[in-house]
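Data block below; observations after.
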Number of protein chains: 2
Amino acid sequence: MLKQTELIIKPDESLGFNARMTHRAFTRALQARLTKHNIPIGQWYYLRVLWREDGLTQKALSDQLGIMGPTTVVALRAMERDGLIKRVRNESDRRKINIYLSEKGKALETELSPYIEDINLQASDEISEEDIEAFKRVSEKIRLNLEAFEAAA
Amino acid sequence: MLKQTELIIKPDESLGFNARMTHRAFTRALQARLTKHNIPIGQWYYLRVLWREDGLTQKALSDQLGIMGPTTVVALRAMERDGLIKRVRNESDRRKINIYLSEKGKALETELSPYIEDINLQASDEISEEDIEAFKRVSEKIRLNLEAFEAAA
DNA sequence: GGGGTTAATTTAGTATGCGAATGATTAACT
DNA sequence: AGTTAATCATTCGCATACTAAATTAACCCC
């Protein structure tokens with residue numbers, strides 16, 4: 001029994017809803033795979049960056065991932081506890097802490113990194129190259145638009 | 001200092017990363033506006049559906065929004081506490097609980113619903129109609145692809 | 001070189017979200 | 001009718017993520 005006011009955008013047609021659902025689909029897919037290795041998805045993000053570039057500071061990690069500092073602190077603390085990383089106070093600027101992968105953390109790359117390839121491959125199945133490009137292009141433009149919007153307010 | 005293995009997909013080029021960042025941009029934009037009205041974003045989702053169709057069961061709300069039952073329970077409990085909804089045990093099937101907006105909950109529609117319009121408008125600024133359609137089309141296809149993938153595993 | 005500002009990290013508090021397990025009720029099947 | 005299965009809501013424990021505020025360290029400017 002719908003109300004007469006059909007003017008309200010149906011949730012499932014809005015850009016925000018689409019972004020939300022798509023993000024959750026990726027998260028679920030990835031989490032399902034990582035659970036087998038006892039790696040929470042929140043740690044995966046940091047591992048992935050560190051595999052490419054070891055020794056980053058917490059700030060640099062946060063910035064690259066678009067994740068707030070406090071969230072990073074909690075994730076990295078757990079990762080150190082689990083022996084995936086070492087946190088080393090920077091000697092030339094003692095405000096900073098550099099994050100280095102342990103052997104265990106490095107070794108996970110071979111095991112885990114195929115997942116992202118798998119998932120991206122599956123996700124883009126039967127979607128044209130042009131559409132994939134459009135998706136990325138629109139994603140980025142939306143982010144820029146909303147950032148500009150926030151900045152203005 | 002990048003490692004020589006450039007084979008790993010850069011995070012910011014993967015579909016998953018794009019979906020994640022875009023979702024967060026929407027969330028931030030919406031949250032900033034809702035905070036002024038003391039409405040947590042987790043309650044907004046339910047309000048939005050109820051404005052269109054009042055009296056749905058918790059299960060129906062969860063399904064429409066793609067949110068798990070336990071999350072819905074917590075959100076609706078807070079909403080009842082805040083006087084936005086009434087939870088009424090269904091008489092013909094006493095397992096169900098129907099959710100009805102209070103006057104206060106209904107009244108919020110006029111105040112809050114413009115936001116989603118604003119944000120969607122801003123988000124889609126300077127993006128062609130075709131690209132918007134492609135974004136939605138790809139979003140949905142990705143979800144279907146990943147669901148099929150999960151089901152297979 | 002002191003005082004104020006900025007930067008990086010941390011703590012505390014709260015909200016959101018999931019999976020697994022449980023309770024309560026109804027439906028389905030002998 | 002009585003047992004079993006399915007459905008809806010809930011509780012619990014944990015992970016993720018934010019804001020606000022505190023802490024420590026570095027920088028800058030007079």
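It should be emphasised that the depicted structure is a prediction, and the values quoted were computed from it without experimental measurement. Every chain is numbered from 1 and lettered A, B, ... according to where its sequence line falls, protein lines coming before strand lines. Just so it is clear, the values below take in all heavy atoms, side chains as well, and ignore hydrogens, waters and symmetry mates.
With rounding to whole Å, B:Arg20 atom CZ is found 14 Å from C:dT16 atom C1'. What separates CZ of A:Phe26 from C1' of D:dT16 is a distance of 19 Å, to the nearest Å. One interatomic measurement links the two molecules: NE2 of B:His23 to P of D:dC18, which rounds to 11 Å at whole-angstrom precision. Between B:Leu76 atom CG and D:dT11 atom P the separation is 13 Å, expressed in whole Å. Separating the CG atom of B:Leu34 from the P atom of C:dA15 is a distance of 14 Å, rounded to the nearest angstrom. The separation between B:Asn90 atom CG and C:dT25 atom P is 13 Å, rounded to whole Å. Rounded to whole angstrom, the span from the CG atom of A:Leu47 across to the P atom of D:dT16 amounts to 11 Å. Atoms CE (A:Met68) and C1' (C:dT16) sit 17 Å apart, rounded to a whole Å.
Rounding to the nearest 0.5 angstrom, the gap separating the CD1 atom in A:Ile97 from the CG atom in A:Leu76 is 9.0 Å. To the nearest 0.5 Å, atom OG1 of residue B:Thr57 and atom CG of residue B:Asp63 are 8.0 Å apart.
Put simply, B:Thr71 has a side-chain N or O that comes within less than 4.0 Å of OP1 or OP2 on C:dC18.
Place A:Asp93 and A:Arg24 on DNA chain C by their nearest nucleotides, and A:Asp93 ends up nearer the 5' end. Between A:Glu91 and A:Ala75, the residue anchored closer to the 5' end of DNA chain D is A:Ala75, taking for each the nucleotide with the nearest heavy atom.
In plain terms, the two heavy atoms of B:Trp51 and B:Gly105 that are nearest each other are NE1-O, 3.1 Å.
Side-chain N/O atoms of A:Arg20 and B:Tyr45 include a donor and acceptor closer than 3.5 Å.
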One pair to check against salt bridge (charged side-chain N to carboxylate O under 4.0 Å, His left out): A:Glu140 and A:Arg143. What are the steps and the verdict? CA-CA 5 Å; A:Glu140 186 171 2; A:Arg143 291 200 294 278; 5.1 Å; no
Can B:Arg94 and B:Glu91 be said to form a salt bridge (charged side-chain N to carboxylate O under 4.0 Å, His left out), step by step? CA-CA 6 Å; B:Arg94 300 188 41 76; B:Glu91 279 309 313; 3.6 Å; yes
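Between A:His23 and B:Phe26, the ring centre distance reaches or exceeds 6.0 Å.
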What's touching nucleotides 9-11 of chain C from the protein side, N or O pairs under 3.5 Å?
residue, atom, partner, partner atom, Å
C:dT9, OP1, A:Gln58, N, 3.2
C:dT9, OP1, A:Ile97, N, 2.9
C:dT9, OP1, A:Ile97, O, 3.3
C:dT9, OP2, A:Lys59, N, 2.5
C:dT10, OP1, A:Arg87, NH2, 2.3
C:dT10, OP2, A:Gln58, OE1, 3.0
C:dT10, OP2, A:Gln58, NE2, 2.7
C:dT10, OP2, A:Arg87, NH2, 3.0
C:dT11, OP2, A:Arg77, NH2, 2.6

